[in-house]
2 protein chains.
Amino acid sequence: MTLQLEGWFARRGDTPLGDHCGIDRTMQLVGNRTSMLLLREAFHGTTRFDALHRRVGVTEAVAAQRLKELVAAGVLTKEPYREPGQRTRHEYRLTEAGHALLPIVIALLEWGGRYTPSEFGPSRLTHADCGAPAHVEIHCEAGHAVPEEDLVVRAPHDR
Amino acid sequence: MTLQLEGWFARRGDTPLGDHCGIDRTMQLVGNRTSMLLLREAFHGTTRFDALHRRVGVTEAVAAQRLKELVAAGVLTKEPYREPGQRTRHEYRLTEAGHALLPIVIALLEWGGRYTPSEFGPSRLTHADCGAPAHVEIHCEAGHAVPEEDLVVRAPHDR
DNA sequence: ATTCTGGCTATGGCATCCAATAGTCAGCCT
DNA sequence: AGGCTGACTATTGGATGCCATAGCCAGAAT
């Protein structure tokens with residue numbers, strides 16, 4: 001009913017993992033509501049400060065602060081651009097590391113849609129090519145869907 | 001380079017989504033470091049208060065508070081049990097909704113392992129049945145892996 | 001009867017997150 | 001020249017998250 005642990009994960013005592021755990025490090029970087037919602041907007045294609053802060057529904061001060069952190073964390077870039085006849089502005093775009101956050105964002109979206117009540121239904125995810133419903137899943141490189149009890153977590157450099 | 005939006009998502013102005021967004025609701029329930037780490041331990045099979053608070057590395061007061069919230073959110077249950085010759089204790093176990101958080105937790109783990117520096121390497125995930133490396137992916141029900149640009153997000157009850 | 005352990009609760013304080021309000025600055029528009 | 005807009009910065013204040021320390025209570029062990 002739970003994961004299978006290997007390496008020293010399996011026989012550790014009560015010592016906390018602390019920064020050795022990727023979950024912890026990820027949560028410290030992007031584990032707050034505003035950052036996740038800003039990332040949602042970035043995945044929706046929103047690039048400008050004004051739209052970002054408005055669509056997330058947060059004050060400008062907070063949006064500016066979180067965006068600065070996300071740029072520092074390397075998940076967004078702030079790049080100058082100019083539309084013809086406009087002055088130079090900046091746009092926020094996902095880096096490769098930022099794009100790699102998609103499974104987290106979609107997993108949050110799916111879980112919320114399924115397990116938290118809302119007067120509106122959940123968003124539906126589909127594959128553009130074939131139209132079939134899409135979901136976040138754990139898959140192995142041999143192509144199998146991996147259920148929780150078949151997932152092995154091996155601690156780094158085994159000892 | 002971004003998601004494909006359908007329904008009113010595609011043509012909304014600058015109105016914030018607020019609680020209509022599952023990401024937001026999920027973050028409000030479990031979007032903090034301690035809750036995620038407690039969930040990590042739950043997936044590792046840890047059920048007792050003492051072990052949970054020690055292995056997460058958080059004070060008892062905070063652990064008690066977060067566990068209470070997780071139970072209230074319906075992702076953990078607190079059930080009495082007794083070992084022979086021991087007094088009644090309580091164990092914290094994942095509910096079905098709790099187990100459904102696994103993709104979020106694993107996605108956080110994978111991203112942290114790949115994009116945040118650590119003196120130790122990342123944890124390795126494998127499929128117990130075939131031994132192949134495993135990852136969190138977005139898949140459609142027809143069996144295709146869905147890249148970001150082919151993922152369609154349709155707003156609830158299209159209008 | 002006293003001690004010990006597991007599982008908490010209580011208190012105080014510091015830090016972070018957020019809202020609300022106000023102000024700044026650059027440059028286009030009139 | 002003055003106003004407007006986009007993109008911020010600054011300040012105040014409240015709520016939440018966390019730590020550290022201390023205390024409480026039930027029931028087994030002694």
Side-chain angles (χ1 to χ4, degrees), chain A residues 13-14 16-19 23-24 27-39 41-42 46-73 76-93, chain B residues 13-14 16-19 21 23-25 27-39 41-42 46-73 76-93:
Chain A
D14 282 348
L17 292 184
D19 273 349
I23 298 171
D24 197 345
M27 285 302 290
Q28 309 233 30
L29 282 181
V30 298
N32 62 77
R33 181 177 163 271
T34 308
S35 293
M36 281 296 172
L37 298 184
L38 286 169
L39 288 169
E41 289 306 325
T46 310
T47 60
R48 285 175 44 176
F49 179 86
D50 198 50
L52 284 166
H53 111 257
R54 265 182 237 278
R55 302 221 251 234
V56 167
V58 84
T59 62
E60 295 162 80
V62 173
Q65 180 63 32
R66 295 289 151 266
L67 285 169
K68 214 181 289 182
E69 292 168 9
L70 290 171
V71 169
L76 291 181
T77 50
K78 183 182 180 180
E79 284 164 18
Y81 76 104
R82 56 186 176 293
E83 287 171 359
Q86 294 286 96
R87 79 156 183 267
T88 299
R89 303 200 182 284
H90 294 274
E91 60 183 2
Y92 294 90
R93 292 202 171 274
Chain B
D14 282 347
L17 292 184
D19 274 348
C21 173
I23 298 171
D24 197 345
R25 297 197 301 276
M27 284 303 289
Q28 308 233 30
L29 282 181
V30 298
N32 61 75
R33 180 176 163 271
T34 308
S35 293
M36 281 297 172
L37 298 184
L38 285 168
L39 288 168
E41 290 305 326
T46 310
T47 59
R48 285 175 43 176
F49 179 85
D50 197 50
L52 285 167
H53 111 256
R54 266 182 235 278
R55 302 220 251 234
V56 167
V58 84
T59 62
E60 295 162 80
V62 172
Q65 181 63 33
R66 296 289 151 267
L67 285 169
K68 215 182 286 182
E69 291 169 10
L70 290 171
V71 169
L76 290 180
T77 51
K78 183 183 181 180
E79 284 165 17
Y81 76 103
R82 57 184 175 294
E83 288 171 359
Q86 294 286 92
R87 77 154 184 267
T88 299
R89 305 200 180 284
H90 294 275
E91 59 182 3
Y92 294 92
R93 293 201 170 275

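Side-chain atoms are counted along with the backbone in the values below, which use heavy atoms only and exclude waters and symmetry mates. In what follows, chains are A, B, ... by sequence order, proteins preceding strands, each numbered from 1.
- With rounding to whole Å, Asp24(A) atom CG is found 11 Å from dC18(D) atom P.
- Nearest heavy-atom pair across Tyr92(A) and Lys78(A) is OH-CE, 3.6 Å.
- Spacing between atom CD of Glu60(B) and atom P of dT11(C) amounts to 17 Å, rounded to whole angstrom units.
- Separating the CG atom of Leu37(A) from the P atom of dC18(C) is a distance of 9 Å, rounded to the nearest angstrom.
- Taking atom CD on Glu69(B) and atom C1' on dC8(C), their separation rounds to 16 Å, with Å as the unit.
- Within the structure, every side-chain polar atom (N or O) of Thr59(A) is placed at least 4.0 Å from both OP1 and OP2 of dT21(C).
- Residue Leu67(A) contributes atom CG, which lies 14 Å from atom C1' of dT9(D) at whole-angstrom precision.
- You'll find that the side chain of Ala64(B) is closest to dT9(C), out of dT9(C), dC8(D), dC18(C).
- A straight line from CD of Gln65(A) to C1' of dC8(D) spans 12 Å, rounded to a whole angstrom.
- Atom NE2 in His90(A) sits roughly 11 Å away from atom P in dT9(D) (whole-Å rounding).
- For Arg48(A), counting side-chain heavy atoms from C-beta on, the closest listed nucleotide (dG6(D), dC8(C), dC18(D)) is dG6(D).
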The test is side chain to side chain contact (heavy atoms under 4.5 Å, CB included); show your working for Asp24(A) and Leu17(A) and say whether it passes.
CA-CA 9 Å; Asp24(A) 197 345; Leu17(A) 292 184; over 6 Å; no
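- Rounded to whole angstrom, the span from the CG atom of Asp14(B) across to the C1' atom of dG6(D) amounts to 12 Å.
- Between Arg66(B) and dG17(D), a side-chain N or O to OP1/OP2 separation shorter than 4.0 Å is present.
- Ala61(A) comes within contact range of at least one nucleobase, with a heavy-atom separation under 4.0 Å.
- Comparing Arg54(B) and Lys68(B) by the nucleotide of DNA chain C whose heavy atom lies nearest to each, the residue mapping closer to the 5' end is Arg54(B).
- Contact annotation for Gly57(B): backbone-only contact, meaning every heavy-atom pair under 4.0 Å involves sugar-phosphate atoms and none involves a base.
- Taking CD of Glu41(B) as the start and CE of Met36(B) as the end, the distance is 14.0 Å to the nearest 0.5 Å.
- An OP1 or OP2 oxygen of dC17(C) is reached within less than 4.0 angstrom by no side-chain nitrogen or oxygen of Arg33(A).
- For Tyr92(A) and dG6(D), the shortest distance from a side-chain N or O to OP1 or OP2 is not below 4.0 Å.
- Of the possible donor and acceptor atoms, one in the side chain of Arg55(A) sits under 3.5 Å from a partner among the backbone N and O of Gly13(B).
- Under the 3.5 Å distance criterion, the side-chain polar atoms of Arg66(B) are left unmatched by any main-chain donor or acceptor of Ala61(B).
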